[in-house]
Amino acid sequence: MPEKTLPHETTTPEAVSTALKSGAGKPRSLGQDAWRELRGSWLFWASGVLLILFIVMAAFPSLFTDVDPRQADLRGHYLAPPNWSHIFEGDWFGYNGQGQSVYARTVHGARASIIVGVCVTLAVTVVGGFVGMLAGYFGGWVDALLSRLTDIFFGIPLLLGALTLLQAFTHRTAWTVSLGLATFGWMQIARVMRGAVITQKQADFVTAARALGAGTGRILLRHILPNVIGPVIVVATIALGGYISTEATLSYLGIGLQDPVVSWGVDISAAQSQLRDAPHVLLVPASFLSLTVLAFILLGDAVRDALDPKLR
Amino acid sequence: MAETAENHEVSDVVPSTAETTAEVEAVLDAPVDRGEPILQVRNLVKHFPLTQGILFKKQIGAVKAVDGISFDLYKGETLGIVGESGCGKSTVAKLLMTLETATSGEVFYKGQDITRLSGRALKAVRRNIQMVFQDPYTSLNPRMTVGDIIGEPFDIHPEVAPKGDRRKRVQELLDVVGLNPEYINRYPHQFSGGQRQRIGIARGLALNPEVIICDEPVSALDVSVQAQVINLMGKLQDEFELSYVFIAHDLSIVRHISDRVGVMYLGKMAEIGTDSEIYDHPTHPYTQALLSAVPVPDPAAREGRDRIILTGDVPSPANPPSGCRFRTRCWKAQDKCAEEVPLLAVPEVFAGKKTLAAHESACHFAEERDVVHAA
Amino acid sequence: MTTMEKTANVPEPRATDDGGTPLLEVRDLHVEFHTRDGVAKAVNGVNYSVNAGETLAVLGESGSGKSVTAQAIMGILDMPPGKIPQGEILFRGQDMLKMSAEERRKLRGSKIAMIFQDALSSLNPVLSVGYQLGEMFRVHQGLSKKEARAKAVELMDRVRIPAAKERVNDYPHQFSGGMRQRIMIAMALALEPDLIIADEPTTALDVTVQAQVMDLLAELQREYNMGLILITHDLGVVADVADKIAVMYAGRIVETAPVGELYKRPAHPYTRGLLDSIPRLDQKGQELYAIKGLPPNLLNIPTGCAFNPRCPKAQDICRTETPALAPVTEADGSELTGRGSACHFWKETIHG
C-alpha cells in the first residue's frame, strides 16, 4: 500500500449522521412530497373547491334549496324564465316545462350523477385493478387469458354495451346504471395496472423481497400496489368525469335513469324539445354537468403532475 | 492480432517477482484447513430459452448464461467472482439465491440441495443466504420507511425477533451499518447512494444469515464512498462470521476483499484460486488479458506494464464458440482449442509442482505470466 | 472534393498559428440550477484551458460539476432550470457565451464535438448508423446521400469497425457496447473538430474493451492534433492518457497538476484521500483509507472550503475562508509548472 500519512478513519455513525443532518430534513414520504406540490397548484384548488361544492350538494341538497324538485305548478310557472329578483327564493334559474324549479332540480340531480360517477369508478378500479394486477404479476397463460378478455371487452363501445345491458332492466336506478357502466368500463384501468405491475415486478426491491422469502400476497400488497396506485388513481379520476357524462347520455337516450329520479341527464333529455322557447331549462343542468366533469379531469391532471417527478 | 501474439511470445513466462521461493513454499506448505464448505456449487447450468410467437411459444434456442459452474464457499471467507458483462456472474447470484430456477446442477447449502426446494423448506434456507444489490436507488421500496424496509425480514420470519423487540433490533442494525438510529422513520429518497447501500446491507443482515451474496455492491457508488462501504463490509464479516460471494467487475476491489477469486467468461469458470494465485500468478490467457487491461492509477507504472489488448468483443452467449469459449479472442488459440473443451483443473505443466501457478485453470496451453507487476 | 481527400488520407497536422491563445479557455465559470428546493450551485468559478493536441482530464465525483461544465461549453445545458450568471468560455479567444445561437450551432459538431457515456441512448435507435454518420456531412457540408454514405464507411474504417461496408446499414442495437462507442467517436470525429469533450467515454464498457476504446481515442487525437477534455471519475483511466489533470469538488477546481505529479505528490487533501481510497491491483491491504462523510449538497455547500467537513486537516480558517487556487511550489520555493491547489494547507499536504 502507498505510504499513508493520513490517519485511518473509518466512518463513525456520528460522522455520517452529522453529514446527514445538513442534507435531509424531516421524514418526507413521496405522498407528502406530492401533497406539497399539490398545495401550490391552482388547478388543484379550483377543481377541489368545485368538487367539494358538488359533493356537499349531492349529500345535503337541503342546504342549498328547500324547494321540492318534484313539486310542479304548471299554471303559475310553465317555462318561466330566470327571475334575478328572486335570487334567494329558489327559483332564480326559472322553471321547466312541468313548472318545476330548475334550480331545485339541478341541486337534487347532483346526487344521482355523483353516485353513478363514484360507484362506477370504484367498481372499475377494483375490477380492472384486480385483473390487471393478476395479468401483470403472473404473466404466462394467466396474462394471455386475461389480456384477451380485456381485448374482447375493449371491442364493445362503452355506451353501446351499457345501452344493451340496461335494456334488460325495466326499473333503472343509479345502482343499475352504475352496474351497466362498470361492466363495460374496467378495461382501461386493467391495462394501465398491468403495464405498471410488469414494470414494478422487475424492480430490485421486489427481487429483494423475494430473496427474503416474502409470499405473493406480501409482494403484491406491500411492494407492488403502493408503487402502481398513483397512475391508476389518475386514470380513474379523469375517467370519473367521463362516467358522469355517459350517465347523462344514457338518461338522455332514455335508457339510463328515469323519472321520477331527478338527474341532470333526465332533465337535459326533457329540456331538449323546449330549447328554443326556454334555453335556461337545458343550459343550467348542462353547465353543472360540464363543470363537474371538468373538475374531475382537472383534479386528475393536477394529481398526475404531482405524482410524476419527471414533469417537475 | 497476430502482431500482439508475437510481441508477447518471447517473454511469456516471467518468473514470479512477487515472492521469494521460500515464501511461496511456506504458503504452499501451510495446512489449508477451511473446514466444511458452507455452499457447494456443482455443475450449475442456467439456459434462458429464446422463444418465438406470442400465444404459442416455440423455443428457437437458448442463451447459455451459466454453463456448468462449480465452486465451494467456506465459512468466513470471501469468494470473488469477476468477469465482463454478459459472462453470467449476475445469473450465478440469482441462482444461489434461488431467484431463478437452475436448468441443471446443484447448490448444496450444508449438504442440502437448495435448487429443488420450495415452500417452507426454501423459506428456511433463505434466512441463511441473503443478498446485497447493485443499485441502491432501485433496491429499496420508495414507499416504505427505512424502519419498514429493515424490519420486513422480521415480518416474514417472525420467529427471528418477537414483535415488541423489532423496533429496537432495527435501530441496532442501523447503528451497526453506521447510520443514525433516529432515522428509522425516513424514506429512502432522503438518503445518498452510500447511505442507501448501508440500508440495503442492514436489511441483508437482519436475519443473521451465514452467507451474503453481493452483486456489484459498490459499483454504483462514488469512489470516496466505495471505500467506506467496502470497509464496512469487511468489518461486518469479522463481526458476524459472514461468508461473502462478492460479484464485481472491478478487479482491484475484488482483490482487496476476496480470499479466493474465480474468473468467469461466457458462462464458464476460466480460472479459480486464492487472490495471490490469480493476481500474481495467472495462468489463463483471459485472466491475464483482463488484469493487464485494468487501468492503474499510477502513471509511473504505465510504461513498464505488460499490456495485452484483446481484439473484438465477447461472443453472444446464445451461440458460444465451440471448444474453449475464449479461443476467438485468444492469441494462443490452436486447433485443439476449437475441438476440445478445456477442463477446469490444475494444468498438467504445473501439477505436483510447488508453485502458486498450480491452481485450477481451464486452458489447454496454460502458462504463468505476471501482468500486474511492472517489469 | 478536397475535403473528401483530406479525411481519406491522414490529415496534415493543424497549424498552430494562434500565437499562444489556448484552444479553449474557461474563465470563472458559474452555473446554477433553480429548483423547487432552492438554488443548486453546480459550478462555482471554474478556470481551465486546453491547447491543441493536449489532453486535460477533469476528475471528480458525481455532483462535482465536471459534466455541467462540459455541457456549458457545448452549449447543451438545459436553460432553464440552468443559468450561467457569470463567466467566459473562450474558443480561440472568442467568448462563446456572447455568440448568437446560430454561431454556436455552427461551432458544435464542426469545431467542438462531444462523446457521451451512454452510446446506446445517444444514437437514434430507428436510424441506421450509416445514416446517422452521414447526416453530419449532409447537414454541415451539403454532400449528397451517396457521398455521405461513402464517408460514413470511411469513418467506420477509421475507428476500426470490422466489415464497415457490410455493417453501415445496421442499426445501433445490432452493435456491441464497444462498437457503439466507436461509432460515437466516429461521429464526433466526422468533421475533424479542433476539440473533443469526452464525458465518461468508457465507464459503461468492460475493462478489456475500455482499453481498446481509450487507445483508439488517444491515437486519433494525436493524429488529428485535437484538444481533448476527458471527464471521468476513474483515476486509473486518467493516469493512462491525460497530460494534465484538474480535480473538481463541489463545483470548484481544487487541484491542477501535470499527470505524473498529481499521483506522486497530491497537494490537496481531497486528491490525497481519493488516491488512498482506491484499492490496488498489485497489493492487498488490510483496510482502505476512506474519506469520511458524504459529498456536499449543492443546495447548501459548506462555507469556507467546501471539503472542510470531510477533511482530516481542517482548521478554523477552513470553515470561514474559501481558499483560492494558489500556485504550488517546491519546498525551497522553486516553481512547479502547472500546479495549483485550493487548500489553505497545501504546503503541509505536499511537503510534510
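Quick caveat: nothing in here was measured; it's all calculated off a predicted structure. Every chain is numbered from 1 and lettered A, B, ... according to where its sequence line falls, protein lines coming before strand lines.
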Exercise. Could you tell me which non-hydrogen atom of C:K292 sits nearest to which non-hydrogen atom of B:Q228, and how far apart they are?
Key: C-NE2, 3.5 Å
Quiz item: Around atom NZ of C:K244, are there more than 12 heavy atoms of other residues, nucleotides or ligands at under 6.0 Å?
Solution: yes
Self-check item: Engaged part of B:I230 at the chain C interface, taking heavy atoms whose separation is under 4.5 Å
Solution: side chain
Quiz item: Which answer fits B:S219, side chain, backbone, both or neither, if we ask what part of it has an atom under 4.5 Å from a heavy atom of chain C?
Solution: neither
Self-check item: Nearest heavy atoms of C:P279 and B:H256, plus distance in Å
Solution: CB-CB, 3.7 Å
Practice problem: Can you sort out the partners of B:R327 under side-chain hydrogen bond (donor to acceptor under 3.5 Å, both in side chains), two or more places apart, ordered by chain and number? | Solution: B:S322
Self-check item: Approximate separation, where rounding is to 0.5 Å, of C:Q210 CD and B:E84 CD
Solution: 10.0 Å
Quiz item: Under a 4.5 Å heavy-atom cut-off, does chain B meet the side chain of C:P295, its backbone, both or neither?
Solution: side chain
Exercise. Considering only heavy atoms and a distance below 4.5 Å, find which of B:L291, B:V223, B:L251, B:V229 pairs most often with chain C.
Key: B:V223
Self-check item: Listed partners of C:E61 passing side-chain hydrogen bond (donor to acceptor under 3.5 Å, both in side chains), at least two apart
Solution: B:S224, C:Y270
Practice problem: Measure the spacing between CZ of C:R280 and CD1 of B:I253 and express it to the nearest 0.5 Å. | Solution: 13.5 Å
Quiz item: Can you tell me how far the CD atom of B:Q226 sits from the CD1 atom of C:I278, to the nearest 0.5 Å?
Solution: 9.5 Å
Quiz item: So what's closer than 4.5 Å to chain C heavy atoms on B:D250: side chain, backbone, both or neither?
Solution: neither
